[in-house]
Amino acid sequence: MSDETTAMQTIGFDDFLKVELRVGRVVGAEVFVAARKPAYVLQVDFGAEVGVRKSSAQITAHYTPEELVGRLVVAVVNFPRKQIGPLMSECLVTGFHDANGDVALCVPDREVPLGTRLL
């Protein structure tokens, strides 16, 4: 076992269920001009139950605003809103760092209804 594995904190299933990871579709994406690090402002539609939420996403290395619109993403929708410069971020779009430290989105590999929870 590596040190990273042994240091990992375990949580119970009830703790996992507290995190609302839901599927949404990017309906708007634009350069976040006021961001300190290159980022986009995303508008993500999570369906009728959650609605459309804004997020700042540092994903400029792999995506353009044009190719983001229409894509499904996975985001945490029950974190408190967070002020990021002039933007009030309302969800956290998820992703993984690649070998260069750039973010690749976490996405479903099939169409699923907007607002569906990650299991």
Side-chain angles (χ1 to χ4, degrees):
M1 248 190 234
S2 71
D3 289 341
E4 186 176 311
T5 303
T6 57
M8 187 183 315
Q9 181 181 4
T10 59
I11 63 170
F13 191 69
D14 288 341
D15 292 322
F16 171 74
L17 289 176
K18 292 177 186 175
V19 181
E20 292 269 339
L21 285 156
R22 300 220 181 201
V23 171
R25 185 175 309 281
V26 177
V27 295
E30 59 188 40
V31 174
F32 189 179
V33 185
R36 283 185 269 150
K37 295 181 180 180
Y40 298 131
V41 175
L42 304 180
Q43 291 187 33
V44 184
D45 182 1
F46 294 98
E49 184 180 344
V50 176
V52 176
R53 303 244 178 127
K54 289 182 184 177
S55 183
S56 171
Q58 294 176 358
I59 55 175
T60 58
H62 292 300
Y63 309 97
T64 65
E66 297 78 22
E67 65 187 334
L68 287 166
V69 174
R71 292 187 66 130
L72 293 177
V73 295
V74 176
V76 179
V77 298
N78 67 330
F79 280 154
R81 293 170 31 157
K82 181 176 182 179
Q83 189 75 47
I84 301 174
L87 175 76
M88 183 60 75
S89 184
E90 302 168 318
C91 65
L92 174 68
V93 174
T94 61
F96 301 95
H97 287 110
D98 67 13
N100 296 320
D102 298 318
V103 177
L105 289 169
C106 176
V107 299
D109 68 353
R110 301 278 188 278
E111 281 290 320
V112 294
L114 299 183
T116 300
R117 275 190 80 171
L118 179 78
L119 310 174

*What pairs meet the ring-ring contact (aromatic ring centres under 6.0 Å, His included) rule with one or both residues in residues 7-40, with sequence neighbours excluded?*
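Those involving residues 7-40 are Phe13-Phe16.
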*asked:* Test side chain to side chain contact (heavy atoms under 4.5 Å, CB included) on Ile59 and Asp102; report intermediate values, then the result.
replied: CA-CA 7 Å; Ile59 55 175; Asp102 298 318; over 6 Å; no
Looking at every non-hydrogen atom in both residues, tell me the closest pair between [X] and [Y] and how far apart they are.
X      : Y      : result
Val112 : Leu72  : N-CD1, 4.0 Å
Asp98  : Asn100 : OD1-N, 2.8 Å
Cys91  : Ser55  : O-OG, 3.0 Å
His62  : Val103 : CD2-O, 3.2 Å
Ala57  : Leu42  : CB-CD1, 3.8 Å
Ala75  : Val93  : CB-CA, 3.8 Å

_To the closest 0.5 Å, what do you measure between CG (Leu92) and OG (Ser56)?_
10.0 Å
With a 3.5 Å distance limit and no angle check, can you tell me whether [X] reaches the backbone of [Y] through a side-chain donor-acceptor pair?
X      : Y     : value
Glu90  : Lys54 : yes
Gln83  : Gly85 : yes
Arg117 : Leu17 : yes

*Does a side-chain heavy-atom distance below 4.5 Å link Val73 with Val26?*
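Contact flag for Val73/Val26 side chains = yes.
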*asked:* Looking at Arg22 and Glu49, is any side-chain nitrogen of the basic one under 4.0 Å from a carboxylate oxygen of the acidic one?
replied: yes
*Kindly state each residue pair satisfying salt bridge (Lys or Arg N to Asp or Glu O under 4.0 Å) with at least one member in residues 27-47, sequence neighbours excluded.*
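Those involving residues 27-47 do not exist here.
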_Filter on salt bridge (Lys or Arg N to Asp or Glu O under 4.0 Å), then keep only pairs touching residues 107-116, sequence neighbours left out; what's left?_
Arg25-Glu111
*Which is it for Val107 and Arg71 under the side chain to side chain contact (heavy atoms under 4.5 Å, CB included) test, yes or no, and what are the steps along the way?*
CA-CA 8 Å; Val107 299; Arg71 292 187 66 130; 4.3 Å; yes
*Starting from the C-alpha separation in whole Å, work towards a yes-or-no answer on side chain to side chain contact (heavy atoms under 4.5 Å, CB included) for Val44 and Val27.*
CA-CA 6 Å; Val44 184; Val27 295; over 6 Å; no
*Could you check Val52, Val77, Val23 and say which one makes a side chain to side chain contact (heavy atoms under 4.5 Å, CB included) with Phe46?*
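When side chain to side chain contact (heavy atoms under 4.5 Å, CB included) is applied between Phe46 and each of Val52, Val77, Val23, only Val77 qualifies.
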Between [X] and [Y], is there a shared hydrophobic cluster once you connect ILVMFWY residues whose side-chain heavy atoms come closer than 4.5 Å?
X     : Y     : result
Val76 : Met88 : no
Val41 : Ile84 : yes
Val74 : Phe79 : yes

